[in-house]
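Notes follow once the structure below has been shown.
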Amino acid sequence: MNKGKKLYEGKAKIVYETSDKNLVIQHFKDDATAFNNLKKAKVEGKGVINNRISEYIFTNLGQLGIKTHLVKRLNMREQLVKKAEIIPIEFIVRNISTGSLSKRLGIHEGTVLKKPLLEYCLKNDELGDPLVSKEHILAFEWLSEDDLNYINQISLRINDLLSGLLRAVGIKLVDFKIEYGKIWNEDKTKKEIVLADEISPDTCRLWDAHTEKKLDKDRFRKDLGNIIQGYQEVARRLKIMPEETNIKKVKFGKPTSVKFKKK
Ligand code: TMP
């Protein structure tokens, strides 16, 4: 599969076209950003680990009946994925209150929610990905009611499956963000909704089940240090660091060039 032109560069990934118009390559960068790009750094090796963790999670979800865009992992940093029209909403599922939920509503950090909470944010960096309601999604026709109901149901199922998969290796799934895209079905008669983007320690909050030590991007957001070690710990527990020899070639150091932009 030949890598073609760059189609899009985001904060943590680059998408390239391929010789097949229905497939693209998703490249995982080492760049880390937080607070809508106000804080930036390079975390060496992050892209390699996220590629592997996300592949593992998407493959597992796929085997459990969740449709995803993943075709296969190509190499240390790249995946071949189905080209999808990304739905402009970030779907956030929360099991424990922390982050923007605790800040916004004054809910005590660490409060276990009685049932998973679904939130929606509009994917728009210029506006800082604002929180929106179901009514906004329907009013502005970002999704039809049927598609929204379907995504809500799939998102809660992903939460159940992922919580179980992680709990089995001593990790609590505190919250996570997922994205979906639309692709044509096999016989090109209708578009279907598939899980897209990535699921990794960049897009989840993952706490050690016993100590509640953070193993995710909060290590970067909150300057806790040992970012890559947290991500590696997740990969190690999931037993998915098979390219041990290659991975050793990747330098795992402190983040370099942390920059803050004034608002
Ligand atoms: P929040 O508490 O900052 O709103 O984050 C909720 C979850 O969504 C958390 O697991 C981190 C993830 N997330 C992203 O993946 N991308 C983002 O841009 C934001 C704001 C959060």
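These numbers were taken from a predicted model, which means no experiment stands behind them. Residues take their numbers from the sequence shown, with the count starting at 1.
A salt bridge between Glu119 and Arg104 is present, with a side-chain N of the basic residue lying under 4.0 Å from a carboxylate O of the acidic one. Taking 4.0 Å as the cut-off between side-chain N and carboxylate O, Glu145 and Lys134 count as a salt-bridged pair.
Remark: the backbone N or O of Lys188 is paired with a side-chain donor or acceptor of Asn185 at under 3.5 angstrom. In this structure, Asp30 contributes its side chain and Lys42 its backbone to no donor-acceptor pair below 3.5 Å. With hydrogens and angles disregarded, no donor-acceptor distance shorter than 3.5 Å links the side chain of Arg73 to the backbone of Glu55. Looking only at distances, no side-chain donor or acceptor of Lys46 sits under 3.5 Å from a matching main-chain atom of Asp202. Thr18 places a side-chain N or O within 3.5 Å of a backbone atom of Leu23 that can act as its donor or acceptor partner. Proximity of a side-chain donor or acceptor of Arg219 to a complementary backbone N or O of Asn226 within less than 3.5 Å is detected. In this structure, the side chain of Asp129 engages the main chain of Asn124 through a donor-acceptor pair within 3.5 Å. With Lys29 contributing its side chain and Gly10 its backbone, the two residues share a donor-acceptor pair below 3.5 Å. Although no hydrogens or angles enter the test, the distance criterion places a donor-acceptor pair under 3.5 Å between the side chain of Gln26 and the main chain of Asp197. Although no hydrogens or angles enter the test, the distance criterion places a donor-acceptor pair under 3.5 Å between the side chain of Asn51 and the main chain of Asn75.
A 4.5 Å side-chain heavy-atom check between Ile199 and Cys204 finds at least one atom pair inside the cut-off. A heavy-atom distance below 4.5 Å is found between the side chains of Asp125 and Lys11. A heavy-atom distance below 4.5 Å is not found between the side chains of Tyr180 and Asp147. Phe58 has its side chain out of reach of Ile66: every pair of non-hydrogen atoms, C-beta onward, lies at least 4.5 Å apart. Between Ile92 and Leu101 there is no side-chain heavy-atom pair separated by less than 4.5 Å. With contacts defined as side-chain heavy-atom distances shorter than 4.5 Å, the pair Leu162/Ile57 qualifies. Taking the side chain as every heavy atom from C-beta outward, Val132 and Phe140 never approach each other to under 4.5 Å. In this structure the side chain of Lys172 reaches within 4.5 angstrom of the side chain of Glu212, judged on heavy atoms.
With no hydrogens or angles considered, a side-chain donor-acceptor pair links Ser97 and Ser102 at under 3.5 Å. Side-chain contact, Asn95 with Asn159: a donor N or O sits under 3.5 Å from an acceptor N or O. Between the side chains of Ser200 and Tyr231, no donor N or O sits under 3.5 Å from an acceptor N or O. When only modelled atom types and interatomic distance are considered, Tyr16 and Asn2 share no side-chain donor-acceptor pair under 3.5 Å. Donor-acceptor pairing under 3.5 Å is lacking for the side chains of Asp146 and Ser144.
Of all the heavy atoms in Val43 and Ala32, the pair that sits closest is CG2-CB, 3.9 Å. Closest of all the heavy-atom pairs between Asp216 and Asp218 is OD1-N, 2.7 Å. Nearest approach of Gly47 to Arg77, heavy atoms of both residues: CA-NH1, 3.6 Å. The minimum heavy-atom distance linking Pro116 with Val93 is given by the pair CB-CG1, 4.2 Å. Looking at every heavy atom in both residues, Pro88 comes nearest to Trp142 through CG-CD1, 4.1 Å. The shortest non-hydrogen separation linking Gln232 to Ile49 is CG-CD1, 3.4 Å.
Taking hydrophobic clusters as Ile, Leu, Val, Met, Phe, Trp and Tyr residues chained together by side-chain heavy-atom distances below 4.5 Å, Phe28 does not share a cluster with Met76. Residue Tyr8 is not grouped with residue Ile86 when hydrophobic side chains (ILVMFWY) are merged at heavy-atom distances under 4.5 angstrom, including chains of intermediate members. Residues Ile87 and Leu156 fall within the same hydrophobic cluster, defined by Ile, Leu, Val, Met, Phe, Trp and Tyr side chains chained together at heavy-atom separations under 4.5 Å. Leu61 and Tyr56 fall within a single hydrophobic cluster, where Ile, Leu, Val, Met, Phe, Trp and Tyr are joined by side-chain heavy atoms under 4.5 Å apart, directly or via other members. Under a hydrophobic clustering in which Ile, Leu, Val, Met, Phe, Trp and Tyr are joined whenever their side-chain heavy atoms come within less than 4.5 Å, directly or via other members, Leu131 and Phe35 fall into different clusters.
Dense packing is recorded around NZ of Lys13, with more than 12 heavy atoms of other residues, nucleotides or ligands lying under 6.0 Å away. In the displayed structure, Lys3 atom NZ is contacted under 6.0 Å by more than 12 heavy atoms of other residues, nucleotides or ligands.
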For the pair Lys82 and Val194, evaluate side chain to side chain contact (heavy atoms under 4.5 Å, CB included) and give the outcome as yes or no after the intermediate values. CA-CA 9 Å; Lys82 292 178 187 160; Val194 295; 5.9 Å; no
Yes or no on side chain to side chain contact (heavy atoms under 4.5 Å, CB included) for Glu85 and Lys191, after CA distance, side-chain angles and deciding distance? CA-CA 10 Å; Glu85 187 191 313; Lys191 285 189 176 173; 2.7 Å; yes
Would Asp223 and Lys39 count as a side chain to side chain contact (heavy atoms under 4.5 Å, CB included) if you check the C-alpha gap in whole Å, the side-chain angles of each, and the deciding distance to 0.1 Å? CA-CA 11 Å; Asp223 293 322; Lys39 183 176 180 179; 2.6 Å; yes
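Once rounded to the nearest 0.5 Å, the distance linking CZ of Phe91 with CD1 of Ile151 reads 4.0 Å. Atom CD1 of Ile158 is separated from atom CG of Leu165 by 12.5 Å, given to the nearest 0.5 angstrom. Distance check: Ile25 CD1 to Ile14 CD1 gives 11.5 Å after rounding to the nearest 0.5 Å. Separating the OG1 atom in Thr33 from the CZ atom in Arg221 is a distance of 9.0 Å, to the nearest 0.5 Å. Note that the CG atom of Asn152 and the CZ atom of Arg157 stand 15.5 Å from one another [nearest 0.5 Å]. Taking CD1 of Ile183 as the reference point, atom CD of Glu192 lies at 5.0 Å (rounded to 0.5 Å).
Each of Arg237, Lys213, Lys214, Arg167 was compared with Asp208 under the salt bridge (charged side-chain N to carboxylate O under 4.0 Å, His left out) criterion, and only Arg237 meets it.
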